[in-house]
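Notes follow the structure.
Just follow the structure's listing: the first ligand is 1, and inside any ligand the first atom is 1.
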Amino acid sequence: MKKNDLATVRIADIGVNGEGIGKVDGYTLFIKDAIIGDIVEAKVMKAKKNYGYARMMRIAEASPDRVEPRCPEARRCGGCQIQEMAYEKQLAFKNQKVKNNLMRIGEVPQELLDEIMEPICGMEEPFRYRNKAQFPIGRDRDGRIIAGFYAGRTHQIIPCDDCVLGVKQNQVILNTIIAFMEENHIEPYDEENHRGLVRHVLIRYGYTTKEIMVCLVINGKVLPHAERLIKELAEIPGMTSITLSPNSEKTNVIMGRTIQSLWGRDFIIDYIGNVKYQISPLSFYQVNPVQTLKLYGTALEYADLHGEETVWDVYCGIGTISLFLAQKAGRVYGVEIVPQAIDDAKRNAELNGITNAEFFVGEAERVLPDYYAEYEKNHPGQQARADVIVVDPPRKGCEESVLETMVKMRPERIVYVSCDSATLARDVKYLIRNGYELQRVRACDMFPHTGHVETVCLLSRK
Ligand code: SAH
């Protein structure tokens, strides 16, 4: 096929980014917004030798799984990829994706997976789950100030102040800020000429505490008439923190490096289960608190702690899992590459009165092997051991040196939390070959309407 060719395609699969995949005479086409079961007319936009990308022109026959998206902008927005697919089907697709990867890449027999895989953990209400939103501010063609999102792969702002994945409160906050800007002649930022002041608005909402944080990212140092905006925003129920983040760089990075307090505290508090977290505008924090509790609850259940165990939490981030585990373990060691995340982890440990957690900054592939070697040196004839090791690596999975050291530490149980089931499967294969047995698997839907899926696996020492 070549550019501008037209084709009728039956969609048979979903790609990693949520796009539909179908074949025409053996040639594979990736078609955004088409879902499994659709028959669509598509126009080839880009053609490679064996595959190409096509635009959906018309749905010739809609899939029985197709639903009316709740958001009118679902197609244009880069945020959701599969909102047009019935939620039950999204879950089935994600579960199958995990299973397929474990079979094909992990070489785990299907019969075993049929037996041990637990049902995917979905959401009862898969909308309004995000506790964080970042809206770019700009002007529409008529010159009105707007908040919205970038149209997929561009920096054109599509007005939308009520994303259906975010909380209802976002809308009133954005409208308050826009009205303040119009009345006080405060310019939105214009990327083209690097002029204007207000770039983005970050809003965070504590689902448990109902505390709200608003942070304006500005191309400058001061917000003129800030007191007028503060007066309006402070009246919104739950408002806890109003801050500025100066960012005058020509960059795609949204947040500036620092935070300036305008009103209230410069952080909010929220809970996952009974662990309390202090969240600043720059902190990392899981965006779906309802599912985070279920995901980490599953990890904790798989870890099966009784109070005495030595546990490692590798790739620990701000220590969400570590602090969860610390309540049931003897001692927890967290490892993380980002120093600020470790600062947050330590502060959150203190906030919760947790004294049996210790954190190391560094690459897991250095920290873990170094710890092992050091221990051997200081304790002749002995080896560093762990009872349980939890890993929650980024998409690329664990480096082999990490897996190797994990195996040497001979934990009874390894709990693998993963955001990419392909690298998970690769690492599971390594662990199975090195004395571990796959015992439990559960997928978890942290990001409904997107192509992502998280998985928790329990591996036990044979
Ligand atoms: N469980 C964590 C999130 C884990 S996400 C939480 O809930 O906060 C993966 C983490 O691995 C990120 O925080 C990332 O900064 C960290 N990371 C990435 N590469 C790493 C490496 N080579 N060594 C250690 N940590 C790494």
Worksheet, complete the sentence: The complete set of side chain to side chain donor-acceptor pair (under 3.5 Å) pairs with one or both residues in residues 402-416, sequence neighbours excluded, reads Glu412-Arg461, Tyr416-Asp427
Worksheet item: Side chains of Tyr296 and Gln286: do they bring a donor and an acceptor to under 3.5 Å?
Response: yes
Practice prompt. State whether Tyr285 and Arg204 meet the cation-pi test: NZ (Lys) or CZ (Arg) under 6.0 Å from the six-membered ring centroid, and within 45° of the perpendicular axis.
Written response: no
Under 3.5 Å donor-acceptor pairs involving side-chain atoms of residues 112-123, not counting sequence neighbours:
| unit_1 | atom_1 | unit_2 | atom_2 | d |
| --- | --- | --- | --- | --- |
| Asp114 | OD1 | Lys99 | NZ | 2.5 |
| Glu118 | OE1 | Arg440 | NH2 | 3.4 |
| Glu118 | OE2 | Tyr302 | OH | 2.8 |
| Glu118 | OE2 | Arg440 | NE | 3.0 |

Practice prompt. Please check if the distance between the ring centroids of Tyr189 and His200 is under 6.0 Å.
Written response: no
Discussion item. My understanding is that only residues two or more places apart in sequence, or in another chain, count here; which of them pass side-chain contact (heavy atoms from CB on, under 4.5 Å) with Ala147?
Written reply: Phe135, Ile137, Leu174, Ile178
Worksheet item: Name the residues with a heavy atom less than 4.0 Å from ligand 1?
Response: Phe284, Gln286, Tyr296, Tyr315, Cys316, Gly317, Ile318, Thr320, Ile321, Glu336, Ile337, Val338, Gly362, Glu363, Ala364, Glu365, Asp392, Pro394
